[in-house]
Amino acid sequence: MTHVSPLPKHYLSDKVEHFTESVIREMTRQAMLHNAINLAQGFPDFAAPAEIKKAAQEAIEGDVNQYAITWGAKNLRNAIARQMKEWQGIDVDPEKEVVVCCGSTEAMIATLLAVCNRGDEVVVFEPFYENYGPDAVLSGAKPRFVSLRPPQTPDGEWAFDHQELREAFQHHTKAIILNTPNNPTGKVFSLKELELIRDLCVEYNVLAITDEIYEHILYEGAEHISIARLDGMRERTITINGLSKSYSVTGWRVGWAVAPPAITNAIRKVHDFLTVGAPAPLQEAGATALSLPATYYRDLAEKYRTRRDHLIPALEKAGFRCYRPRGAYYVMTDISSFGFANDVEFARYLVKEVGIACVPGSSFYKHPKDGSQQVRFAFCKKPETLDAAAERLHKVRQK
Ligand code: GLN
């Protein structure tokens, strides 16, 4: 009988000690374990548009089953360039300025690997989507966090301190990661805020790497502005987006980065050796998706507004204080009225005893205590799922 000894530490990369497994995806596993309603991980539980499912079926039927060009199928790159012109007025050369990746997740890490050197710093607003920290670490860079402070009034905005941001740009800064509309806060950065960020990027010669995956999910007339469209930014911005959220196909894993040619070349090289390419038939379906009419996006945003306005009152009635999102499909909440020691304990209680999975707030902060009285709910769910959640929320009790 041979004994397997625990893995000695020297087998492992030091890098993996600097981050943990995804808490969001762990909560999905917890939801399955406890048969809970999953309002943790942000994926829709409803169907994708019929046109695009048909386009994917037709592509497979038509034998689009081998590798696409490593940096993306021509039809999809053309559609991305066309859409960026149409929605943001940005001219994009689909031959030289687009890399299609396996989701915006790969586009983000491929970009960071392509631009960062050891010792570089990357500025990230906090609370942040949990991937950015590990992405920076894996690419040899150090994340430097700048606080987004929660609104003080129900109609207020999450806001950053200008001086704190300026200070963050002064440490061997290579890039800022900008996620708007923002996960988890629902903040949509205004033109004024983007101009301020632009001024710093230009002054300190820093890149902007944007995550615009929630571009089309906006409420109350909020406008999405790609920072690449501001004077002085086109040449220093990598704009990242994907099919997942706009077309409810998070499992297809098709995303992209748009950047000036020299940066695109570097990202293409990294992407080629990371994954070779994104799924070929789904890229063809992506070209169909990006050709849907403007009414599709209006309808998408309106349906998300209804879902938001369905979940928030139910949460408030149960005792959560909600930070009303202006975009994306999450609501950050304050749980201090329930008297739990921290967010992890509360999330464990909610999934086990109430039957609802949420994401503990601490996973969006560098220091867990900063998020210890917050949890995030995703409302990208069918009305009946939200009804069932509202029903279960009656059970929430103070500790
Ligand atoms: N972006 C989604 C979220 O924040 C899904 C994350 C993921 O698991 N890729 O929940």
Side-chain angles (χ1 to χ4, degrees), residues 24 39 42-44 87-88 104 124-130 132 146-162 165 176-198 208 210-230 239-242 244-248 294 296-316 320-334 358-359 361 364-365 371 374-381 386:
I24 296 177
L39 303 186
F43 62 86
W87 287 90
Q88 295 292 327
S104 61
V124 178
F125 286 109
E126 178 185 59
F128 49 83
Y129 173 49
E130 58 173 14
Y132 307 144
V146 172
S147 296
L148 287 176
R149 302 210 166 82
Q152 297 307 311
T153 58
D155 288 328
E157 300 278 353
W158 291 76
F160 57 89
D161 180 82
H162 299 180
L165 185 65
I176 179 168
I177 296 180
L178 181 65
N179 171 215
T180 183
N182 185 260
N183 174 10
T185 63
K187 177 180 174 64
V188 179
F189 282 73
S190 69
L191 178 60
K192 229 169 129 212
E193 289 170 322
L194 295 174
E195 284 174 343
L196 203 121
I197 295 166
R198 183 267 315 273
T210 72
D211 176 347
E212 304 186 15
I213 195 85
Y214 303 99
E215 166 180 22
H216 295 294
I217 304 175
L218 298 162
Y219 313 112
E220 281 105 33
E223 188 196 356
H224 171 66
I225 301 168
S226 290
I227 202 169
R229 144 178 150 193
L230 270 51
T239 305
I240 293 176
N241 211 324
S244 294
K245 316 291 183 180
S246 299
Y247 309 100
S248 309
Y296 168 77
Y297 302 96
R298 278 202 289 276
D299 185 52
L300 180 84
E302 177 53 22
K303 284 197 174 122
Y304 274 121
R305 191 192 58 72
T306 312
R307 293 176 186 117
R308 179 195 66 172
D309 295 347
H310 191 155
L311 183 64
I312 288 183
L315 288 168
E316 286 176 338
F320 293 84
R321 190 152 80 81
C322 295
Y323 299 113
R324 199 177 174 75
R326 307 279 190 261
Y329 52 47
Y330 307 101
V331 53
M332 271 295 248
T333 65
D334 181 293
C358 64
V359 180
F364 303 103
Y365 292 87
Q374 294 176 354
V375 300
R376 187 198 78 174
F377 293 91
F379 53 82
C380 42
K381 306 293 168 188
L386 297 174

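Numbering of residues begins at 1 and proceeds along the displayed sequence. Keep in mind that the numbers below use all heavy atoms, side chains included, and drop hydrogens, waters and symmetry copies.
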Within the structure provided, determine whether [X] and [Y] are in side-chain contact (heavy-atom separation under 4.5 Å).
X	Y	result
N241	T239	no
N183	D211	no
R307	L311	no
E193	K187	yes
Y304	Y214	no
P181	L218	yes
I177	F128	no
C358	L39	no

Practice item. Spell out, as yes or no, whether a donor-acceptor pair under 3.5 Å connects the side chain of S147 to the backbone of E126. Key: no
Euclidean distance, [Y] [atom2] relative to [X] [atom1], rounded to 0.5 Å:
X	Y	atom1	atom2	answer
I176	I197	CD1	CD1	5.0 Å
I312	C322	CD1	SG	5.0 Å
D309	L386	CG	CG	11.0 Å
R324	E316	CZ	CD	8.0 Å
W87	H216	CH2	NE2	5.0 Å
T185	Y129	OG1	OH	14.5 Å

Review point. When the ring planes of Y247 and Y296 are compared, do they come out parallel, tilted or perpendicular, using 30° and 60° as the limits?
Key: parallel
Practice item. Using side chain to side chain contact (heavy atoms under 4.5 Å, CB included) as the criterion, point out the one residue from T180, V188, L230 that pairs with I225. Key: L230
Could you tell me whether [X] sits above the aromatic face of [Y], with NZ or CZ closer than 6.0 angstrom to the six-membered ring centre and within 45 degrees of the axis?
X	Y	value
R376	Y330	yes
R308	Y219	yes
K245	F43	no

Study note, to complete from the structure: Nearest heavy-atom contact between P325 and G186 is CB-CA, 3.7 Å
Exercise for review: Locate the shortest heavy-atom distance separating S246 from G242; write the atom from each residue and the value.
Suggested key: OG-O, 4.4 Å
**Study point:** NZ/NE/NH1/NH2 to OD/OE distance under 4.0 Å, E302 and R305
**Key:** yes
Review point. Do R229 and E223 sit within salt-bridge range, that is, some charged N less than 4.0 Å from a carboxylate O?
Key: yes
Practice item. Tell me, please, which residues at least two apart from D299 pass side-chain contact (heavy atoms from CB on, under 4.5 Å). Key: K303
Check your understanding: Pick from F364, Y323, F189: which one makes a ring-ring contact (aromatic ring centres under 6.0 Å, His included) with W158?
Key -> Y323
Exercise for review: May I ask you to check whether over 12 heavy atoms, not counting those of E220, lie within 6.0 Å of atom CD?
Suggested key: yes
